[in-house]
Q: 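I'd like to ask some things about the structure below.
Chain identifiers are assigned alphabetically (A, B, ...) following the order of the sequence lines, protein sequences preceding nucleic acid strands; residue numbering begins at 1 within each chain. All values reported here derive from a predicted model rather than from experimental measurement.
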Protein chains: 2
Amino acid sequence: MKRNTWQREAVRDALGRTEGFVSAQALHASLRGTGSEVGLATVYRALADLATEGEADSLVQEGESLYRACTPGSHHHHLICRNCGTAVEISADPVEAWARQVAAEHGFTEPNHVVDVFGLCPECSRAASSR
Amino acid sequence: MKRNTWQREAVRDALGRTEGFVSAQALHASLRGTGSEVGLATVYRALADLATEGEADSLVQEGESLYRACTPGSHHHHLICRNCGTAVEISADPVEAWARQVAAEHGFTEPNHVVDVFGLCPECSRAASSR
DNA sequence: TGCTACATGAGAACCGTTCTCACCCGCTGC
DNA sequence: GCAGCGGGTGAGAACGGTTCTCATGTAGCA
Ligand SMILES: [Mn+2]
Ligand SMILES: [Mn+2]
Ligand SMILES: [Zn+2]
Ligand SMILES: [Zn+2]
């Protein structure tokens, strides 16, 4: 049975208020910045829990795990800005079917897939081209 | 100008002789096992070089980078066994087009994508079901 | 209001990877 | 061949993100 602590609540809130994918450390720093005295280990634990409960999505970039609030219960993927982390949820129905088929064709069972699209968001594209 | 050393050659060979994705540490251990006295740092460096030269593919799983010999010059993806690391190269032309389109629709530029399909290979499926 | 088991947090430990730097050796020009 | 240069190597230290430890705190329940 999972307890309700203000720490867990603070992490959930901070994640929800964040545009794109953030690291545990960044989230911890931002919480500390607002006066919240959460421990780093607690932020890691809360994010891991949120991810297993399906309330957060995660991906690994350059050796660190990034998290993002997730609309729960729906399988989806992300279009992510390489520069600022902003993310858009996208559905990938044709890819789902393709992945299942490819696995089956080669006799692989219990298929899974990792599908992420990266790029520069409109804002970062503008900034990059005007430089 | 890149020099030819027996160490680099040994790493390339060992990678080529491996079925699926392997970690730098595992490859280093296997080289040591065959009497080759390569340093761990050198294995890391060689694998990184092979990856940037397009002679190896890499992916990150559970916090460690895995490498695999790659048929060079062709953009492709992988169907990977979660259990033993065995991998099959697959082409994903419909996914390529989909990814480009999704990025364009949201105004994202310089699109990239990560597409991996995981599952249990026929052999590992058999082992799992007979247990 | 007390009890108890789970959550928290500071710091240590962990672990894959990268860095350092003294030594080695592949390459080039002679 | 042979010397000399400059990049390569390797043992161990350092690094950085994450997890663990354990003493203390506190949510949830009666
Ligand atoms: Mn999917
Ligand atoms: Mn592709
Ligand atoms: Zn951006
Ligand atoms: Zn397998």
Q: Rounded to the nearest Å, what distance is computed from the CD atom of residue A:Glu64 to the C1' atom of nucleotide C:dT18?
A: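 Going from A:Glu64 (CD) to C:dT18 (C1'), I get 16 Å.
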
Q: What stem regions, each of at least 3 consecutive Watson-Crick or G-U pairs below 3.5 Å, can be found for DNA chain C?
A: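 Runs of three or more consecutive pairs: C:1-30 with D:1-30.
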
Q: Could you state the CG-C1' distance from A:Leu40 to C:dC14, rounded to the nearest angstrom?
A: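 Roughly 15 Å, once rounded to whole Å.
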
Q: If the sugar-phosphate is the primed atoms plus P, OP1 and OP2 and the base is the rest, what is the B/S/- string for nucleotides 22-30 of chain C, using protein heavy atoms under 4.0 Å?
A: ---BBS---

Q: Less than 4.0 Å between a side-chain N and a carboxylate O, is that true for A:Arg32 and A:Glu37?
A: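 A:Arg32 and A:Glu37: not salt-bridged.
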
Q: Roughly, in whole Å, what's the span from OH in A:Tyr44 to C1' in C:dC14?
A: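 Roughly 13 Å, once rounded to whole Å.
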
Q: Should B:Leu47 and B:Leu31 be counted in the same cluster of Ile, Leu, Val, Met, Phe, Trp and Tyr side chains packed under 4.5 Å apart?
A: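 As far as the 4.5 Å side-chain criterion goes, B:Leu31 and B:Leu47 are connected within one cluster.
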
Q: Starting at the 5' end of DNA chain C and moving along, which residue's nearest nucleotide shows up first, B:Glu62 or B:Arg45?
A: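 So the residue in question is B:Glu62.
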
Q: Any side-chain heavy atom of A:Tyr67 within less than 4.5 Å of one from A:Leu50?
A: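 The answer is no; the side chains never approach within 4.5 Å.
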
Q: Take atom CD of A:Glu37 and atom C1' of C:dA10, then tell me their distance rounded to the nearest Å.
A: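 Checked: the CD to C1' distance equals 13 Å.
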
Q: Can you establish whether the number of heavy atoms outside B:Glu123 located under 6.0 Å from its atom CD is more than 12?
A: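 Counting other residues, nucleotides and ligands, CD of B:Glu123 stays at 12 neighbours or fewer.
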
Q: Which whole-number value in Å describes the distance from A:Asp49 CG to C:dC6 P?
A: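 Answer to the nearest Å: 14 Å.
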
Q: Determine whether the aromatic ring centres of A:Phe118 and A:His78 lie less than 6.0 Å apart.
A: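 Centroid separation for A:Phe118 and A:His78: 6.0 Å or greater.
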
Q: Linking I/L/V/M/F/W/Y whenever their side-chain heavy atoms sit closer than 4.5 Å, directly or via other members, would A:Leu66 and A:Val11 fall into one cluster?
A: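 Hydrophobic grouping puts A:Leu66 apart from A:Val11.
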
Q: Between B:His113 and B:His75 (judged by ring centroids, cut-off 6.0 Å), do the two rings come close enough to count as a pair?
A: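 For B:His113 and B:His75, the ring centres are under 6.0 Å apart.
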
Q: Test side-chain hydrogen bond (donor to acceptor under 3.5 Å, both in side chains) on A:Asp57 and A:His77; report intermediate values, then the result.
A: CA-CA 9 Å; A:Asp57 284 316; A:His77 297 265; over 6 Å; no

Q: Treating Ile, Leu, Val, Met, Phe, Trp and Tyr as nodes and any side-chain heavy-atom pair under 4.5 angstrom as an edge, say whether A:Leu79 and A:Val114 lie in one connected cluster.
A: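 Hydrophobic grouping puts A:Leu79 apart from A:Val114.
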
Q: Are B:Val95 and B:Val102 in one and the same hydrophobic cluster, where Ile, Leu, Val, Met, Phe, Trp and Tyr link if side-chain heavy atoms are under 4.5 Å apart?
A: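 In one cluster with B:Val95: B:Val102, yes.
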
Q: What is the separation between atom CG on B:Leu27 and atom P on C:dT17, rounded to the nearest whole Å?
A: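 Rounded to whole Å, this separation is 12 Å.
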
Q: Can you confirm whether B:Glu19 is buried at CD, in the sense that more than 12 heavy atoms of other residues, nucleotides or ligands lie under 6.0 Å from that atom?
A: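 No, CD of B:Glu19 has 12 or fewer neighbouring heavy atoms, counting only those of other groups under 6.0 Å.
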
Q: Heavy atoms under 4.0 Å, any strand shown: does A:Ser23 hit a base, just sugar-phosphate, or nothing?
A: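 Nothing, no heavy atom under 4.0 Å.
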
Q: What's the CZ-P distance between A:Arg8 and C:dG9, to the nearest Å?
A: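 Taking atom P of C:dG9 as the reference, CZ of A:Arg8 is at 10 Å.
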
Q: Could you tell me the separation between the NE2 atom of B:His28 and the P atom of C:dC15, rounded to a whole number of Å?
A: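 Interatomic distance, NE2 of B:His28 to P of C:dC15: 18 Å.
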
Q: Along DNA chain D, 5' to 3', what are the outermost nucleotides having an atom less than 4.0 Å from a heavy atom of chain A?
A: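 Reading along DNA chain D, I get D:dG17 to D:dG28.
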
